[in-house]
Visitor: 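Structure incoming, see below.
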Amino acid sequence: SVRLEEVDAGALVRDTVAVTVLKAGASPNVVPEEAVAELDVRLLPDERCDEFLEQLRDVVSDPSIRIENNAETHQLVLWTIGEAHADVLLDRLRSRYGVAVDQVDLRVPLRETFAGTARGHGRHVKQSGGHGQYAVCDVEVEPLPEGEGFEFVDKVVGGSVPRQFIPSVEKGVRAQMERGTTPAGYPVVDIKVTLFDGKAHSVDSSDMAFQMAGGLALREAAAAAGVNLLEPVDEVGVLIPDDYVGSVMGDLSSRRGRVLGTEPVGAGRTLVRAEVPQTEIVRYAIDLRAMSHGMGTFTRTFARYEPMP
């Protein structure tokens with residue numbers, strides 16, 4: 001989690017910050033109940049930014065509230081003790097501090113990876129009078145096993161790509177991986193990129209030109225190979241009275257979950273362990289409360305990414 005003091009004030013004024021209001025249970029690891037709100041502080045005059053931050057610090061000084069800044073989804077997540085608590089907090093922001101709050105969906109961070117091996121041709125050439133830009137590179141991209149990350153291999157022979165520009169191609173590929181290769185723009189993971197050919201110009205080639213060419217080559221290879229989306233999977237532990245074990249196990253299975261087992265913990269309660277995609281348990285605390293009549297709690301830890309069906 002990130003403390004509010006670490007949030008840059010200028011970034012808040014420039015950007016729309018999505019605030020996710022969640023409910024935490026008795027354990028700090030209990031998956032919270034989800035209700036999402038968008039906090040658009042661009043409505044605030046610049047001179048009120050410092051005042052607003054001080055007021056929001058007062059709001060989240062309550063020890064039952066935790067704030068988390070998700071840099072990947074660009075959401076500011078507030079963890080609260082329940083829906084009523086969240087409603088009070090949002091109403092206070094609206095009525096007392098004049099902050100506009102709208103409901104938005106919680107974003108689950110997905111990933112992209114290549115479905116197969118393919119080659120890509122990146123050509124960045126611009127001639128508009130005077131000093132131009134010229135870079136051409138050819139790459140082969142292949143998927144790696146899950147968790148292997150990124151590997152860049154230089155197989156250029158004959159100097160078709162000058163040595164000083166080979167790191168530029170890698171830098172451009174890495175930058176494109178961060179931006180993604182599909183309109184959704186999810187980061188690319190677990191690929192091997194081999195640079196095997198290219199062209200340069202004695203005057204117009206530059207570091208930036210080869211960065212651009214590297215990104216274009218990766219995008220072309222992605223279009224040729226196809227892209228698989230990966231979703232995060234959590235290991236979930238659900239603690240419930242014995243009477244609700246069957247209902248909870250069936251519900252987890254309906255959420256594309258894999259039940260790993262059950263464990264009696266005494267006092268008429270059972271711990272159900274399962275692996276469930278994060279996209280299926282965004283509002284699980286609300287559903288679990290309904291199924292168990294408020295008697296169930298659960299925890300979760302990130303396990304891995306898996307291909308989406």
Visitor: Would you check if the side chain of Asp154 reaches a backbone N or O of Val156 as a donor-acceptor pair within less than 3.5 Å?
Guide: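 Looks like yes, one N/O pair under 3.5 Å.
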Visitor: Output yes when Arg174 and Glu178 qualify as a salt bridge under the 4.0 Å nitrogen-oxygen rule, no when they do not.
Guide: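 Salt bridge absent between Arg174 and Glu178.
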Visitor: Check Gly122 against Leu216 and note the closest heavy-atom contact, atom names and distance.
Guide: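 Answer, listing the atom of Gly122 first, then Leu216: CA-CB, 4.0 Å.
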Visitor: Roughly how far, to the nearest 0.5 Å, is the CD atom of Glu140 from the CZ atom of Phe196?
Guide: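 CD of Glu140 is found 7.0 Å from CZ of Phe196.
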Visitor: Leu260 versus Glu275: any side-chain heavy-atom pair under 4.5 Å?
Guide: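 They are in contact (side-chain heavy atoms under 4.5 Å apart), so the answer is yes.
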Visitor: Report yes or no: do Asp190 and Thr113 form a side-chain donor-acceptor pair below 3.5 Å?
Guide: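 Result is no, nothing qualifies.
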Visitor: Aromatic rings His293 and Tyr244: how do their planes relate, parallel, tilted or perpendicular, breaks at 30° and 60°?
Guide: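 Rings of His293 and Tyr244: tilted, as their planes differ by 30° to 60°.
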Visitor: Can you tell me if Asp204 and Gln133 form a side-chain donor-acceptor pair at under 3.5 Å?
Guide: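 Judged by distance alone, the side chains do not pair up.
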Visitor: Applying side-chain contact (heavy atoms from CB on, under 4.5 Å), run through Val233 and Val276 and close with a yes or a no.
Guide: CA-CA 6 Å; Val233 175; Val276 190; 5.9 Å; no
Visitor: When you compare the side chain of Val139 with that of Thr194, does any pair of heavy atoms fall below 4.5 Å?
Guide: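 No, their side chains stay 4.5 Å or more apart.
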Visitor: Supply the atom-to-atom distance Asp207 CG to Gln211 CD, rounded to the nearest 0.5 angstrom.
Guide: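 With rounding to 0.5 Å, CG (Asp207) is 4.5 Å from CD (Gln211).
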Visitor: Rounded at 0.5 Å granularity, tell me how far CZ in Arg111 sits from OH in Tyr305.
Guide: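 Answer rounded to 0.5 Å: 3.5 Å.
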Visitor: In this structure, would Val141 and Met177 fall into the same cluster of hydrophobic residues linked by side-chain contacts under 4.5 Å?
Guide: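 Yes; tracing contacts between hydrophobic side chains, which count when under 4.5 Å, links both residues.
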Visitor: Is there a donor-acceptor pair closer than 3.5 Å between any side-chain N or O of Thr262 and the backbone N or O of Val272?
Guide: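 A pair under 3.5 Å: no.
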Visitor: Salt bridge between Asp287 and Arg255, side-chain N to carboxylate O under 4.0 Å?
Guide: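 Yes, Asp287 and Arg255 are salt-bridged.
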Visitor: Does the side chain of Glu170 reach to within under 4.5 Å of the side chain of Phe150, using non-hydrogen atoms?
Guide: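 Counting from C-beta outward, Glu170 and Phe150 do come under 4.5 Å.
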Visitor: I need the minimum non-hydrogen distance between Ser160 and Asp197, along with the two atoms involved.
Guide: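 For Ser160 and Asp197, the tightest heavy-atom pair comes out as OG-OD1, 3.1 Å.
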Visitor: Strictly below 4.0 Å, N to O, side chains only: are Glu306 and Arg258 in salt-bridge contact?
Guide: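 Salt bridge present between Glu306 and Arg258.
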Visitor: Walk me through it: do Tyr284 and Val238 pass the test side-chain contact (heavy atoms from CB on, under 4.5 Å)?
Guide: CA-CA 11 Å; Tyr284 186 60; Val238 187; 3.9 Å; yes
Visitor: Taking atom CE as the centre, does Met308 end up with more than 12 heavy-atom neighbours from other residues, nucleotides or ligands that are less than 6.0 angstrom away?
Guide: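 Enclosed.
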Visitor: For Tyr186, is there any backbone N or O sitting under 3.5 Å from a side-chain donor or acceptor partner on Glu112?
Guide: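 Checking the backbone N and O of Tyr186 against the side chain of Glu112, a donor-acceptor pair under 3.5 Å is found.
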Visitor: Taking all atoms of both residues into account, what is the closest heavy-atom pair of Ala213 and Ala135, and its distance?
Guide: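 Scanning both residues completely, I find the closest heavy atoms to be CB-O, 3.8 Å.
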Visitor: Any sub-3.5 Å donor-acceptor pair from Ser168's side-chain atoms to Phe210's backbone N or O?
Guide: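 No, Ser168 side chain to Phe210 backbone: no donor-acceptor pair under 3.5 Å.
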Visitor: Is it true that Leu230 and Phe302 fall in one hydrophobic cluster, defined by side-chain heavy atoms closer than 4.5 Å?
Guide: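 Shared cluster, yes.
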Visitor: Assess the residue pair Val259 and Ser253 against the criterion (side-chain contact (heavy atoms from CB on, under 4.5 Å)); give the C-alpha distance rounded to whole Å, side-chain angles, the decisive distance to 0.1 Å, and a yes or no.
Guide: CA-CA 7 Å; Val259 177; Ser253 297; 4.1 Å; yes
Visitor: Using a strict 4.0 Å threshold on nitrogen-to-oxygen distance, state whether Glu231 and Arg256 make a salt bridge.
Guide: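 Here Glu231 pairs with Arg256 in a salt bridge, since their nearest N and O are under 4.0 Å apart.
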Visitor: Which heavy atom in Ala225 sits nearest to a heavy atom in Gly116, and how many Å separate them?
Guide: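 For Ala225 versus Gly116, the nearest heavy atoms are CB-O, 3.4 Å.
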Visitor: Are Met291 and Met249 linked, directly or through other ILVMFWY residues, by side chains that come within less than 4.5 angstrom of each other?
Guide: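 Yes: a chain of side-chain contacts under 4.5 Å links Met291 to Met249.
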Visitor: Looking only at non-hydrogen atoms, find the nearest pair between Val227 and Ala222 and report the distance.
Guide: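 Looks like CG2-CB, 3.9 Å.
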Visitor: I'd like to check Thr299 versus Val236 (side-chain heavy atoms, cut-off strictly below 4.5 Å). Are they in contact?
Guide: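 No, side chains not in contact.
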Visitor: I'd like to check Glu151 versus Leu144 (side-chain heavy atoms, cut-off strictly below 4.5 Å). Are they in contact?
Guide: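 With C-beta onward as the side chain, the pair touches.
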Visitor: Taking atom CG of Leu288 and atom CG of Asp251, what is their separation to the nearest 0.5 Å?
Guide: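 Atom-to-atom, Leu288:CG and Asp251:CG are 8.5 Å apart.
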Visitor: Roughly how far, to the nearest 0.5 Å, is SG of Cys137 from CG of Leu195?
Guide: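 Output value for this atom pair is 6.0 Å.
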Visitor: Before giving the answer on side-chain contact (heavy atoms from CB on, under 4.5 Å), spell out for Ile166 and Phe152 the whole-Å C-alpha distance, their side-chain angles and the decisive distance to 0.1 Å.
Guide: CA-CA 10 Å; Ile166 290 177; Phe152 184 84; 4.0 Å; yes
Visitor: Which atom pair, heavy atoms only, marks the closest approach of Pro232 to Leu110?
Guide: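 Nearest heavy atoms, Pro232 then Leu110: CD-CD2, 3.9 Å.
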Visitor: Does any non-hydrogen side-chain atom of Arg300 lie less than 4.5 Å from one of Glu235?
Guide: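 Answer no - side chains too far apart.
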Visitor: May I ask you to test the Asp234-Ile281 pair for a side-chain heavy-atom distance under 4.5 Å?
Guide: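 The answer is yes, as the side chains (C-beta and beyond) meet within the 4.5 Å cut-off.
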Visitor: Spell out, as yes or no, whether a donor-acceptor pair under 3.5 Å connects the side chain of Gln176 to the backbone of Gly180.
Guide: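 At least one qualifying donor-acceptor pair exists.
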Visitor: Are any of the side-chain heavy atoms of Ile191 and Val193 separated by less than 4.5 Å?
Guide: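 Answer yes - side chains close enough.
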Visitor: For the atom pair OG1 (Thr181) and CG (Leu218), what is the distance rounded to the nearest 0.5 Å?
Guide: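 Reported to 0.5 Å precision, the distance equals 6.5 Å.
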